[in-house]
Amino acid sequence: MTNPIDTKRREFIVKTSTTAAAVAVSGSLAACSDSNSNEEKFAAAPEFNYGVASGDPLTDRVILWTHAKFTGADAALAVPLTWQIATDTNFSAVISSGKIEASETTGFTVKVDATGLVAGVEYFYRFQGPRNSSSPVGTTRTLPAANVAALKFAVFSCSLYSEGFFNAYDAAAKSDAQYAIHLGDYIYEYGAAATQYGNTDAATLGRVTVPANDIVSLADYRARYALYRTDAGARALHAKMPWITVWDDHEFANNAFVNGAENHNPATQGDWNTRKNIAARVYHEWMPIRTDTTNLLRIYRSFDFGSLFSLHMLDTRIEGRDQQYDNFGDKDGGVARYIAGITPNASGVLPDASRRMISTAQQTWLSTQLSASRATWQFLGNQDIMARMWIPVSVAQYFNPANANPTAGGAAIQAYLGAKAARVVGGAVALTATQTTLLDPTKNPRLPYNLDSWDGYPANREQLLQTVKSLNKKLVVLSGDSHNGWFTKLTTLAGEKVGVEFAGSSVSSTGFESAGLGGLGSSLDGSALAPQLGNSAIGAGLGLIDDLNYADTIRRGYLLMTVTSSTVKGEYVYVSTVKSASYTTLVGRTVTVGVAGDIVYS
């Protein structure tokens with residue numbers, strides 16, 4: 001016979017642990033009353049102006065998000081909500097639900113970690129509030145079971161509200177992608193002044209930035225995220241599929257690093273750490289990311305998509321980055337510092353060796369994750385271009401702002417590409433002495449064009465690539481930040497291929513075309529030689545950058561990735577315009593990488 005005292009004790013323990021779990025999952029206090037009770041307390045129903053979102057899916061759970069707020073006299077009151085997740089759009093089969101409050105503490109945003117789900121299943125979710133109010137219905141899905149055969153996901157970066165409409169989001173919401181991956185610059189911190197980046201057409205488009213100043217305070221950052229969520233494409237994509245995100249610099253300030261940023265002035269904008277912590281707090285409020293409440297600055301994490309691939313999301317911006325070589329205000333843009341850093345000293349040690357893009361702790365974590373994963377492919381979700389984007393000095397010298405000479409630069413490009421074409425056609429014996437010199441890296445050195453990318457941290461990159469090589473993993477890096485579309489080989493400093501990199505164009509931020517360099521794409525990747533060499537010039541690394549096999553330096557869009565056990569296919573999807581909400585799409589290039597390392601371009 002069961003002891004009644006023991007029964008009551010067990011019931012107490014179960015109820016107590018369930019309540020504690022609910023509080024821990026929600027990240028805020030659960031509502032004490034039914035969301036539809038005490039209706040007379042509220043003058044009107046709350047508003048769900050920014051839609052719903054989901055993210056950080058696992059095989060048995062996913063984060064659900066919304067923003068709910070009363071207006072008028074009740075504006076300061078917390079909003080009691082009930083969340084539901086179901087297998088049908090009518091919510092006749094609700095499989096999980098709970099209560100939560102949207103309050104001023106989190107800017108009236110709420111996040112729920114909905115658990116008890118089944119792997120690889122699509123679900124529907126919503127939030128309900130007082131006076132029969134309801135959020136829009138969202139669609140989400142869990143990570144797949146181990147035996148999944150194929151998966152599709154969309155990759156984004158760099159969405160600048162004032163520059164234009166987020167048509168790339170809208171296009172992806174209408175695609176067959178199952179997940180969205182955002183690699184940073186979800187918002188930008190700049191103010192509304194016409195002289196600031198991206199604001200030229202803002203008034204005409206009805207997309208003037210608010211607040212009008214560079215965002216610094218808690219209220220500033222919250223208002224900026226709210227503004228970005230007014231974009232219809234953003235709301236549509238958030239409601240359509242779960243997102244996996246990391247931040248880059250503009251969620252904080254341009255060219256940020258651990259101890260500061262290029263666009264942070266302590267004299268007028270206060271303490272950097274204060275601003276950094278505010279920015280991180282608001283990011284976690286507005287993004288459907290699973291939050292480590294003990295350390296808001298730690299966002300690197302992994303996701304296993306069955307046996308197909310593991311996705312390791314890195315933080316190459318805030319968590320461990322040392323100050324960039326080009327962020328010291330040097331007249332040469334940091335080139336001298338960079339060259340000194342990669343020049344061995346008398347003991348053969350690189351001064352650059354101690355500089356970090358990611359911390360030692362994060363690198364150790366990544367090595368452990370890579371080693372433990374048994375998936376076919378290893379993906380890195382990464383903010384910045386990882387490949388060696390090195391341009392020969394014979395060309396780069398003419399594009400330095402200090403002594404820019406487009407005419408001489410054009411001639412230098414033709415000479416360099418001509419030398420590469422001659423070598424393909426006739427071999428080394430066909431080269432003139434001048435061409436031989438141009439192709440000799442000891443006489444015509446290659447220098448990176450962007451020291452804010454992994455190129456500015458070559459020793460740290462080399463450590464990472466050597467780890468991948470030693471583990472014999474199939475590496476695919478996904479990158480953002482550059483605003484252009486790229487496909488590259490990933491090579492060690494000795495030139496050994498370790499993996500490939502797909503870097504998608506921006507959602508709306510301008511690329512090389514804004515600097516008058518939009519026409520450089522075919523010269524950078526060597527496709528300019530196609531009239532001479534035919535299709536063999538496509539993907540052959542015959543351009544200004546040896547490791548670059550595809551470039552688009554004009555268009556905006558996203559990457560649509562399809563993964564199977566034998567191939568990774570990347571489709572570079574571009575939208576016709578961001579200056580109108582009406583647009584068309586096209587695929588600029590499709591790159592398919594085989595598990596044996598073979599690559600097909602179409």
Side-chain angles (χ1 to χ4, degrees), residues 14 18-19 21-22 24-27 30-31 34-36 48 50-68 80-102 109-130 132-154 169-170 172-181 234-245 287-290 303-309 311 562-563:
V14 169
T18 301
T19 302
V25 161
S26 70
D34 186 274
S35 62
N36 293 317
F48 296 88
Y50 307 111
V52 294
S54 68
D56 273 19
L58 300 177
T59 55
D60 66 343
R61 67 194 62 200
V62 66
I63 297 291
L64 309 179
W65 177 97
T66 196
H67 178 286
L81 299 171
T82 296
W83 59 271
Q84 297 176 320
I85 188 164
T87 54
D88 67 308
T89 56
N90 294 324
F91 289 83
S92 59
V94 174
I95 63 168
S96 188
S97 65
K99 299 182 185 301
I100 194 170
E101 280 188 346
T109 65
V110 294
K111 289 198 296 189
V112 173
D113 203 347
T115 61
L117 310 182
V118 178
V121 172
E122 181 179 78
Y123 292 97
F124 303 92
Y125 65 97
R126 67 185 178 186
F127 294 81
Q128 295 181 303
N132 296 315
S133 60
S134 182
S135 72
V137 173
T139 306
T140 191
R141 83 171 46 239
T142 48
L143 291 186
N147 61 351
V148 64
L151 282 171
K152 282 195 173 185
F153 60 88
Y169 290 159
D170 185 70
K174 297 171 182 174
S175 76
D176 56 354
Q178 298 161 293
Y179 306 89
I181 296 174
R235 293 198 309 276
L237 187 60
H238 273 298
K240 179 67 182 298
M241 65 189 70
W243 287 43
I244 298 173
T245 71
M287 301 302 288
I289 182 176
R290 187 168 283 103
F303 301 85
D304 293 321
F305 288 76
S307 58
L308 284 184
F309 67 97
L311 170 64
T562 305
V563 185

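Residues L117 and I95 are in side-chain contact: their nearest non-hydrogen atoms beyond the backbone lie under 4.5 Å apart. Proximity of W83 to S96: side-chain heavy atoms (C-beta onward) are separated by under 4.5 Å at one or more points. F305 places none of its side-chain heavy atoms less than 4.5 Å from the side chain of V148.
In this structure, F153 has its ring center under 6.0 Å from that of F309.
Rounded to the nearest 0.5 Å, atoms CD1 (I244) and CZ (R290) are 9.5 Å apart. The line from CZ of F124 to CG of N90 is 9.5 Å long, rounded to the nearest 0.5 Å. Distance check, rounded to the nearest 0.5 Å: CZ of R126 to OG1 of T82 gives 10.0 Å.
S135 pairs with exactly one of F48, Y125, Y50 by the side-chain contact (heavy atoms from CB on, under 4.5 Å) rule, that one being F48.
For residues 138-154, the pairs satisfying salt bridge (charged side-chain N to carboxylate O under 4.0 Å, His left out) are E122-R141, K152-D176, with sequence neighbours left out.
Side chain of Y123 to backbone of T142: no donor-acceptor contact under 3.5 angstrom is found. Although no hydrogens or angles enter the test, the distance criterion places a donor-acceptor pair under 3.5 Å between the side chain of K111 and the main chain of I289.
Every side chain to side chain contact (heavy atoms under 4.5 Å, CB included) that V94 has, sequence neighbours left out, goes to Q84, A86, F91, S97.
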Less than 3.5 Å apart, which donor and acceptor atoms pair up between the side chains of residues 58-67 and the rest of the protein, not counting sequence neighbours?
from: W65; atom 1: NE1; to: E285; atom 2: O; distance (Å): 2.8
from: T66; atom 1: OG1; to: G51; atom 2: O; distance (Å): 2.9
from: H67; atom 1: NE2; to: G107; atom 2: O; distance (Å): 3.2

